[in-house]
Protein chains: 2
Amino acid sequence: MREGPDIARIASLVGDPARANMLNALMGGTALTASELALEAGVSLPTASSHLSKLMEGGLLTLASQGRHRYYGLAGPQVAGMIEAITGVAEAVGPKRVRPGPRDGAMRVARVCYDHLAGEQAVAMLDRLVARDILLRDDNEIRLGPSAASHFSAIGIDVGAKPRRPVCRACLDWSVRRSHLAGTLGAAILDKILSEKWARREKDSRAVVFSPVGKVAFERVFLA
Amino acid sequence: MREGPDIARIASLVGDPARANMLNALMGGTALTASELALEAGVSLPTASSHLSKLMEGGLLTLASQGRHRYYGLAGPQVAGMIEAITGVAEAVGPKRVRPGPRDGAMRVARVCYDHLAGEQAVAMLDRLVARDILLRDDNEIRLGPSAASHFSAIGIDVGAKPRRPVCRACLDWSVRRSHLAGTLGAAILDKILSEKWARREKDSRAVVFSPVGKVAFERVFLA
DNA sequence: AGAATGCTTCGATGGAGACCTAACTATGCG
DNA sequence: CGCATAGTTAGGTCTCCATCGAAGCATTCT
């Protein structure tokens, strides 16, 4: 009988299908209301509410009350990372070795991970930013390079603010198995991509699909 | 109701206290028998056996039968990584914000992760090996440098063999939050450390404590 | 104020699964 | 061969918890 952090408690929170569906939905990054999550999980509203209490108590979620709406979101990047790790194992181990459909292909190319971009495009982007010394990488620690401020402000992203959350952070990509960029900068870049309409979110999926024009623009800015 | 990899299934496997204890014990890296795991989990042998079947079916464990002994081990580094990720969240979220005791301190300095060394020492080692170009690091991909073969064979480690498992692999360290070295090379180095008696495993813990002499030797070889 | 919406709490029900004892199979030893 | 050890299977009990309908709060709209 071993002591230590209560890993079973955390895992069992994720271990219920309804809760897992909710967490999965929240991996999309946008905070959702209880009713949306109930729909997502395929359970009634009271059931969902009960699950959400448990996830809150377990510290996996954050709650933002706005008027009569209550928005639930993932508690942080660490939680998102854990979900991706579990997803990775489930993928590898899953008996559903079916041929990956088109949506799976799109997921591999680009998808949302919590609040930033993941997938091949995201990994390529980080590689390129590091190669150009816009970002400086030292293992899993990523810092801004000397030209970062001017480079990002030129495209309308301010990297000056110092929030609690780190600006840059490496996040292991479960499909590519290499890191992509997380942190506030990663989130800002995803914002940029979506607000410029370079790409759009696939409905009911974490996949992100670039338009032909958007892909060119993205590559010009980030993969040049 | 969302489709995809069955993350709830995997998580619920880890979500039972008995199974979590077993997996935790296996994070020590050595494969254990059913009875040892039963003891570790604090359940009867039949109960343990039932749990082990489920873990096997879930693909989290591998089984090596030797005579009347059946040795269970973690299925691979990916599974170990998942456990560490969950442990990280449990640590961060856990209500047990007690002041870290001496054992926790030791864990932070050096511990076993599945079959290789983790903790501050391990992170420092990887940094140094990369800085000396003995290993070449490109994101989470690590390759052998030109001088690797001669350097490691000089200390009795053969990096020539080409097993299925990669020789080098980055594994995210949950205490330091940066990568340390996994893969067959990481395993071989841990073997070396233990067989040379530079350090010993703490009883009933994943902590690894260096002897004064061993620490010097380790630093001379790997942190020079 | 009254109605409508969003969500939580209550109470009851049902099913899944964790657990143990006991019986059974398999391997090794003398 | 016969006993001992390691492990799995079978059968049965019991607890936990996911679920839903109905009722209760809270906030906003009219």
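Letters go in sequence order (proteins before strands), and every chain restarts at 1.
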Working for side chain to side chain contact (heavy atoms under 4.5 Å, CB included), residues A:Leu32 and A:Tyr71: CA-CA 5 Å; A:Leu32 299 172; A:Tyr71 290 95; 5.9 Å; no

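Looking at the side chain of A:Ser49, the nearest of the listed nucleotides C:dT9, D:dT8, C:dC20 is C:dT9. When distances run from any side-chain atom of B:Ser35 to the nucleotides C:dA18, D:dT8, D:dG7, the shortest one goes to D:dG7. Nearest to the side-chain atoms of B:Val43 among the listed nucleotides C:dC20, C:dC7, D:dC20 stands C:dC20. Closest to the A:Pro46 side chain, of the nucleotides D:dA6, D:dC20, D:dT8, is D:dC20.
Whole-Å rounding puts the A:Met22 CE to D:dT19 P distance at 8 Å. Spacing between atom CZ of A:Arg19 and atom C1' of D:dT19 amounts to 12 Å, rounded to whole angstrom units. Look at CD on A:Glu36: it is 17 Å from P on C:dT5, rounded to the nearest Å. Rounded to whole angstrom, the span from the CD atom of B:Glu57 across to the P atom of D:dT9 amounts to 11 Å. B:Leu52 places its CG atom 7 Å from the P atom of D:dT8, with the value rounded to the nearest Å. D:dA10 atom C1' lies 16 Å from atom CG of B:Leu45, rounded to whole Å.
A side-chain donor-acceptor contact under 3.5 Å links B:Ser44 and B:Thr47. Inspection of the B:Thr87 and B:Glu84 side chains reveals no N or O donor paired with an N or O acceptor under 3.5 Å.
For the pair B:Asp16 and A:Tyr71, both in contact range of DNA chain C, the more 5′-proximal nearest nucleotide belongs to A:Tyr71.
Residue B:Tyr72 is in sugar-phosphate contact alone, with no base atom involved, counting any heavy-atom pair closer than 4.0 Å across all strands shown. Residue A:Thr33 is classed as a sugar-phosphate contact, given heavy-atom separations below 4.0 Å to backbone atoms only. Backbone-only engagement by A:Ala18 is indicated by non-hydrogen atom pairs under 4.0 Å involving sugar-phosphate atoms exclusively.
The side chain of B:Thr47 places no N or O atom within less than 4.0 Å of a non-bridging phosphate oxygen (OP1 or OP2) of C:dC19. Within the 4.0 Å cut-off from OP1 or OP2 of D:dC17, not a single side-chain nitrogen or oxygen of A:Lys54 is found. Taking side-chain N and O atoms only, B:His51 has no distance below 4.0 Å to OP1 or OP2 of C:dG17. Residue B:Arg70 places at least one side-chain N or O closer than 4.0 Å to OP1 or OP2 of D:dT8.
Here the closest non-hydrogen pair linking B:Arg206 and B:Met107 is C-SD, 3.9 Å.
Note: B:His180 and B:His116 have tilted aromatic rings, judged against thresholds of 30 and 60 degrees for the angle between ring planes.
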